[in-house]
Amino acid sequence: MFIKILGAGAGGGFPQWNCNCANCRAVREGKPGFSPRTQSSLAVSADGVTFALLNASPDLRQQIAAAPQLSPGPSDGLRASPIKSVVLTNGDVDHVAGLLNLREAQAFSIYSSARILNVLAGNRIFDILVPELVTRIEFPFDEAIPLQGAGVDLGLAVRAFPVHGKIALWLEDKSAADFGTRVGDTLGVEIIETATGKSCFYIPGCAEIDDALKARLKGASLVFFDGTLFHENEMIEQGLLGKTGSRMGHVNMTGENGSMAAFENLDVARKIYVHINNSNPTLDAASKERRIVNDAGWEIGEDGMEVTL
């Protein structure tokens with residue numbers, strides 16, 4: 001199984017278009033140790049020919065252009081794409097807006113929970129993906145579902161499961177408890193290569209790592225996990241946003257309930273942070289915070305990083 005990080009950044013990417021924080025200034029100035037990142041997405045393939053996207057970021061057109069594997073080949077027809085399916089883990093703008101880049105009468109399938117598919121159904125702009133060509137398939141939780149699209153079996157299956165999270169910012173009901181969040185608003189997925197049974201996990205958004213999630217991930221070969229913030233008050237202390245990591249619906253890297261502590265005894269062979277916010281000090285490769293996460297056995301995801309299982 002081949003996995004490519006198309007985008008390792010959180011919403012807004014890195015640098016964010018209107019952000020003048022120290023990190024964004026450094027990457028614009030080309031300082032050593034700072035690499036630009038587009039918004040969160042992976043591409044996965046069992047055969048190197050057909051691909052599934054895990055989330056579709058607003059930067060998808062740029063990401064496809066930077067990944068030769070995702071462009072039509074010289075022997076393909078006038079309209080063709082290796083992208084046969086898209087798996088959505090939540091309804092955030094940085095995970096669904098890229099679907100609009102996949103118009104132009106191209107056949108593929110979209111997989112997600114009923115909650116997330118209802119978001120698409122309730123917004124007519126997504127009707128540009130005509131149902132005669134773009135099939136929308138609801139995940140039954142905790143069941144391995146073969147990924148197919150455009151009449152092709154990708155040789156992959158996905159097992160989706162709810163994780164703690166928050167409803168997408170643009171869907172928040174501020175008058176409701178927990179802003180109207182319901183089960184199915186945030187998913188984790190296990191991607192399985194059907195021929196070998198090898199698998200990895202992709203969880204780019206997660207607000208809490210409970211015992212059930214720990215049990216699911218224990219002994220995993222590879223986990224791509226929510227790396228939005230280094231610590232709870234990061235955005236507040238930098239004067240960027242008056243919200244904690246918890247209010248944003250993301251578990252932090254550090255702290256008693258952070259992801260590094262939660263993963264400490266899970267025996268995960270390889271752990272890679274994705275969905276990394278522009279405020280996160282680990283984006284500086286020479287920082288003490290980067291050393292802390294590396295010493296804990298974590299990698300900081302970068303655009304274009306490739307992994308083979």
Side-chain angles (χ1 to χ4, degrees), residues 1-6 40-57 67 69-70 81-91 95-96 98-99 102 106-117 120 129 133-163 165 183-206 212-226 266 268-272 274 305-309:
M1 180 162 53
F2 171 81
I3 307 112
K4 188 182 187 79
I5 297 180
L6 301 180
S40 176
S41 181
L42 301 185
V44 185
S45 179
D47 58 11
V49 177
T50 57
F51 282 82
L53 299 184
L54 307 187
N55 290 323
S57 92
Q69 303 96 330
L70 300 182
S81 173
I83 299 169
K84 305 300 181 185
S85 65
V86 180
V87 175
L88 302 176
T89 65
N90 63 23
H95 286 159
V96 303
L99 291 172
L102 300 179
Q106 185 65 42
F108 64 98
S109 297
I110 300 172
Y111 291 82
S112 199
S113 68
R115 288 279 291 177
I116 299 166
L117 293 178
L120 303 185
L129 306 171
L133 291 173
V134 180
T135 306
R136 302 180 187 186
I137 301 168
E138 180 184 342
F139 276 133
F141 294 143
D142 281 315
E143 182 179 336
I145 301 298
L147 284 183
Q148 299 176 339
V152 176
D153 187 324
L154 276 68
L156 298 168
V158 173
R159 181 180 288 111
F161 49 92
V163 297
V183 172
D185 283 332
T186 305
L187 304 178
V189 292
E190 181 182 10
I191 310 298
I192 306 159
E193 186 177 41
T194 53
T196 65
K198 293 179 179 179
S199 72
C200 67
F201 290 87
Y202 177 58
I203 310 172
C206 183
L213 183 56
K214 289 178 183 178
R216 187 185 296 273
L217 299 180
K218 188 171 179 60
S221 298
L222 172 64
V223 177
F224 296 92
F225 195 79
D226 185 347
L266 296 186
V268 174
R270 190 170 183 186
K271 302 168 290 190
I272 302 176
V274 291
M305 181 185 288
E306 297 179 353
V307 180
T308 300
L309 278 181

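The structure presented is a predicted model; accordingly, all values stated were derived computationally and were not measured. No hydrogens, no waters, no symmetry mates; every other heavy atom, side chains included, goes into these values.
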Could you tell me which residues satisfy side chain to side chain donor-acceptor pair (under 3.5 Å) with [X], sequence neighbours excluded, listed by chain and number?
X    : result
D185 : R115
S57  : Q63
T135 : none
K271 : none

Nearest heavy-atom neighbours spanning [X] and [Y]:
X    : Y    : value
E306 : Q69  : OE2-NE2, 3.3 Å
L213 : C206 : CD2-SG, 3.9 Å
M1   : S199 : CE-CA, 3.9 Å
A67  : K4   : CB-CE, 3.8 Å
L309 : S221 : CD2-CB, 4.3 Å
A56  : L99  : CB-N, 3.7 Å

So how far is it from I116 CD1 to H95 NE2, rounded to the nearest 0.5 Å?
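The NE2 atom of H95 is 10.0 Å from CD1 of I116, to the nearest 0.5 Å.
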
Distance in Å, L217 CG paired with I203 CD1, rounded so as to fall on 0.5 Å steps:
4.5 Å

Inter- and intrachain pairs under salt bridge (Lys or Arg N to Asp or Glu O under 4.0 Å), touching residues 82-91, at least two apart:
none

In residues 48-55, what donor-acceptor pairs under 3.5 Å come from side-chain atoms, sequence neighbours left out?
{"unit_1": "T50", "atom_1": "OG1", "unit_2": "D47", "atom_2": "OD1", "d": "3.2"}
{"unit_1": "T50", "atom_1": "OG1", "unit_2": "D47", "atom_2": "OD2", "d": "3.2"}
{"unit_1": "N55", "atom_1": "OD1", "unit_2": "T89", "atom_2": "N", "d": "2.9"}
{"unit_1": "N55", "atom_1": "OD1", "unit_2": "T89", "atom_2": "OG1", "d": "3.4"}
{"unit_1": "N55", "atom_1": "ND2", "unit_2": "T89", "atom_2": "OG1", "d": "2.9"}
{"unit_1": "N55", "atom_1": "ND2", "unit_2": "Y202", "atom_2": "OH", "d": "3.4"}

Could you go through the side chain to side chain contact (heavy atoms under 4.5 Å, CB included) check for F224 and I3 one step at a time?
CA-CA 11 Å; F224 296 92; I3 307 112; 3.8 Å; yes

Is there a side-chain contact between F139 and L88 in this structure, where contact means two heavy atoms from C-beta onward sitting under 4.5 Å apart?
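Side chain of F139 against side chain of L88, heavy atoms only: no contact under 4.5 Å found.
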
Do the side chains of V134 and L102 get nearer than 4.5 Å, heavy atoms only?
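Sidechains of V134 and L102: no contact.
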
Side chains of residues 142-159: which donor-acceptor partners sit under 3.5 Å, not counting sequence neighbours?
{"unit_1": "D142", "atom_1": "OD1", "unit_2": "R216", "atom_2": "NH1", "d": "2.8"}
{"unit_1": "D142", "atom_1": "OD1", "unit_2": "R216", "atom_2": "NH2", "d": "2.8"}
{"unit_1": "D153", "atom_1": "OD1", "unit_2": "G155", "atom_2": "N", "d": "2.8"}
{"unit_1": "R159", "atom_1": "NH1", "unit_2": "E190", "atom_2": "OE1", "d": "2.7"}

Salt bridge (charged side-chain N to carboxylate O under 4.0 Å, His left out) involving K218 - partner list, sequence neighbours excluded
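Salt bridge (charged side-chain N to carboxylate O under 4.0 Å, His left out) check on K218 returns D267.
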
